[in-house]
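Step one of this worksheet: look at the structure below.
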Amino acid sequence: MHVLVVGSGAREHALLLALRRDPEVDALSVAPGNAGTSAVADQYELDVSSGEAVTALARGIGADLVVIGPEVPLVLGVADAVRAAGIACFGPTKDAARIEGSKAFAKDVMTTAGVRTALSEIVDNPAHLDAALDRFGPAAGQAAWVVKDDGLAAGKGVVVTSDRDAARAHAAGLLDAGHPVLLESFLEGPEVSLFCVVDGETVVPLLPAQDFKRVGDGDTGPNTGGMGAYTPLPWLPEDVTARIVDDVVKPVAAELVRRGSSFSGLLYAGLAITSEGPAVVEFNCRFGDPETQAVLALLESPLGQLLRAAATGELSDQQPLQWREGAAVTVVLAAENYPGRPRVGDVIHGADAPSVLHAGTARRDDGSVVSSGGRVLSVVGVGDDLTAARASAYATLEGIRLPGSHFRSDIGLAAAEGRISL
């Protein structure tokens, strides 16, 4: 099986490494890729937002399966174009990808499916903003205001703050840019990311993970695309994971089928485990970054066969997934000034270890690897438990040099020390 992975981040690097372990995968390609993925797959230039370009490349190289990593091409309908050409594709249709592309659509689906989520309100008129803010946040007895861009924002369109002026400024900026704003009630409780491979109403969950969105230790500073993650969650009982599948993912998948927008691909539920049980923070229509890097590090079942089964309507025939014992931790190394405009073009030293996954990197003509984006690398540590996995990841980070770079030192620490409980 020849698999083409579309994308250029650490998520795609992790997918390629996991696919390479599948005995039925005999050829791997990636487009556009980065400086790290070129070592594990044939690499091609590509406009990932063009269904015509992705389809032409898949045909030209004889790909049997196309795996689309990022959300933007999925929301734009690239998977539809690939399927229309008769090529198996792992990734939802444009209609189904609205579960991430429009928070208003996702809220409507959840309401109809009876899935617990935060109370919310869409604001599309600046004149209505102040009154809406009064119905949320500390003004309404909640811990914080939650202000979101209704569309795609690469994980950085969300502000969670107890400062009304900051909440209002973020919302006003979105409205001025022509983006509707979603205000939500604040959900108390530890967060969980659960990836599920889905085809119609068939749902196969992966290991639950927890990611870290804020840039600084102790969950300080602005939101980012993700600064790290770990799996599994020693504080989350197995029956809670089963409850999320039964009470959240399956009803949403069934509702999408009912609407004629059947989901086929990776459905990612981001949840808060509140005192009343799981409640949805958001849905994504693809593998999440950085959780993917940790989750796939523990997967022993053949990934290519799993993704092909979902893409070809055979997911219900798959055997239960097998997982490596132990834990995995991902720590993101970010460029100077990230999540603001990052410093780029600096040479990276020490990033050639097998546990280093590339994201914002490029290779110069002289062979040197330089930074080319905000989240530059993901370092994955695996061990018998979270403490050992953390030690492995941070030991690798000590050997990497990138001027001005930064990373969080507390990924998975609270869980390793038993400081998270329900």
Any donor and acceptor pair, going by atom type alone, linking the side chain of [X] with main-chain N or O of [Y] inside 3.5 Å?
X      : Y      : result
Thr202 : Ser316 : no
Trp145 : Arg164 : no
Ser405 : Arg401 : no
Thr117 : Val280 : yes
Asp211 : Gly226 : no
Thr274 : Gly189 : no
Ser102 : Arg98  : no

Does the distance from a Lys or Arg side-chain N to an Asp or Glu carboxylate O, for [X] and [Y], drop under 4.0 Å?
X      : Y      : value
Asp108 : Arg259 : yes
Lys148 : Glu282 : no
Glu71  : Arg286 : yes

For [X], I'd like to know if atom [atom1] has over 12 heavy atoms of other residues, nucleotides or ligands within 6.0 Å.
X      : atom1 : answer
Asp176 : CG    : yes
Leu422 : CG    : yes
Arg341 : CZ    : no

Seminar exercise, completed: The side-chain contact (heavy atoms from CB on, under 4.5 Å) partner of Ser264 among Asp199, Val198, Thr93 is Asp199
Problem set entry | Phe195 and Phe287 aromatic ring geometry - parallel, tilted or perpendicular at 30°/60° bounds | perpendicular
Exercise. What salt bridge (Lys or Arg N to Asp or Glu O under 4.0 Å) pairs are there with at least one residue in residues 217-240, not counting sequence neighbours?
Worked result: Asp219-Arg408
